[in-house]
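Contents: one structure, followed by commentary.
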Amino acid sequence: MLIVLPSIVSAIGVAFVVVGVVVDQDVVRAIFLSIGLLLLWFDVFLTLAFVRRSLRNIDRRMRRMEAHLYRDSDG
């Protein structure tokens with residue numbers, strides 16, 4: 001899920017950008033380029049959110065392991 005969702009959003013964004021570039025109507029071009037670029041930006045923020053969440057989970061696990069090790073060495 002952590003890799004698949006940003007990849008899907010990115011693929012849809014790229015598809016919108018490609019359609020926006022290929023189509024020869026100004027209104028459709030503007031709409032598709034806008035939506036495509038917004039989806040690409042959303043992909044970046046979504047990826048960063050997943051990375052942040054994963055790093056917090058790793059940090060939390062490391063703190064628990066360190067606390068467990070220090071407890072065992074003291075007693």
Side-chain angles (χ1 to χ4, degrees):
M1 184 68 175
L2 295 178
I3 296 173
V4 174
L5 186 60
S7 298
I8 291 172
V9 171
S10 179
I12 293 171
V14 168
F16 270 78
V17 169
V18 168
V19 170
V21 169
V22 172
V23 172
D24 195 25
Q25 294 180 356
D26 291 337
V27 174
V28 174
R29 176 176 289 152
I31 291 172
F32 273 75
L33 283 176
S34 299
I35 292 173
L37 294 176
L38 283 173
L39 285 173
L40 289 174
W41 270 109
F42 181 65
D43 168 48
V44 170
F45 290 119
L46 190 63
T47 302
L48 289 175
F50 284 146
V51 167
R52 181 178 178 195
R53 179 178 171 218
S54 297
L55 289 175
R56 282 186 175 182
N57 286 339
I58 291 170
D59 190 44
R60 191 177 310 124
R61 288 179 190 167
M62 290 296 292
R63 272 188 265 134
R64 273 190 263 146
M65 288 172 32
E66 288 172 349
H68 182 71
L69 287 173
Y70 290 133
R71 223 176 320 146
D72 287 345
S73 65
D74 289 341

Seminar exercise, completed: Contacts of Asn57 meeting side-chain hydrogen bond (donor to acceptor under 3.5 Å, both in side chains) (sequence neighbours excluded), chain-then-number -> Arg60

Exercise. How far does CD1 of Ile31 sit from CG of Asp26, to the nearest 0.5 angstrom?
Worked result: 11.0 Å

For this session: Examine Leu37 and Val21 and state if one hydrophobic cluster contains both, with Ile, Leu, Val, Met, Phe, Trp and Tyr joined whenever side-chain heavy atoms are less than 4.5 Å apart.
Result: yes

Exercise. Does CD belonging to Glu66 count more than 12 external heavy atoms closer than 6.0 Å?
Worked result: yes

Exercise. Does Asp24 have any side chain to side chain contact (heavy atoms under 4.5 Å, CB included) partners at least two apart in sequence or in another chain, and if so, which?
Worked result: Arg29

Problem set entry | Residues in side chain to side chain contact (heavy atoms under 4.5 Å, CB included) contact with Phe42, at least two apart in sequence or another chain | Val9, Leu46

Problem set entry | Pro6 versus Thr47, closest heavy-atom pair with distance | CB-OG1, 3.4 Å

Exercise. Remaining members of Ile58's ILVMFWY cluster at a side-chain heavy-atom cut-off under 4.5 Å?
Worked result: Met62, Met65

For this session: Might you point out which heavy atoms bring Asp43 and Ser10 nearest each other, and give the distance in Å?
Result: OD2-CB, 3.5 Å

For this session: May I ask whether Val19 and Val27 are part of the same hydrophobic cluster, defined by side-chain heavy atoms of I, L, V, M, F, W, Y residues being less than 4.5 angstrom apart, directly or through others?
Result: yes

Seminar exercise, completed: The side-chain hydrogen bond (donor to acceptor under 3.5 Å, both in side chains) partners of Arg64 (sequence neighbours excluded) come to none

Problem set entry | Non-neighbouring partners of Phe16 that pass side chain to side chain contact (heavy atoms under 4.5 Å, CB included), sequence neighbours left out | Ile12, Phe32, Ile35, Leu39

Exercise. Are Val18 and Leu40 co-members of a hydrophobic cluster defined by side-chain heavy atoms under 4.5 Å apart?
Worked result: yes

Exercise. To which residues is Val51 joined in a hydrophobic cluster, defined by side-chain heavy-atom contacts under 4.5 Å among Ile, Leu, Val, Met, Phe, Trp and Tyr, whether direct or through other members?
Worked result: Leu55

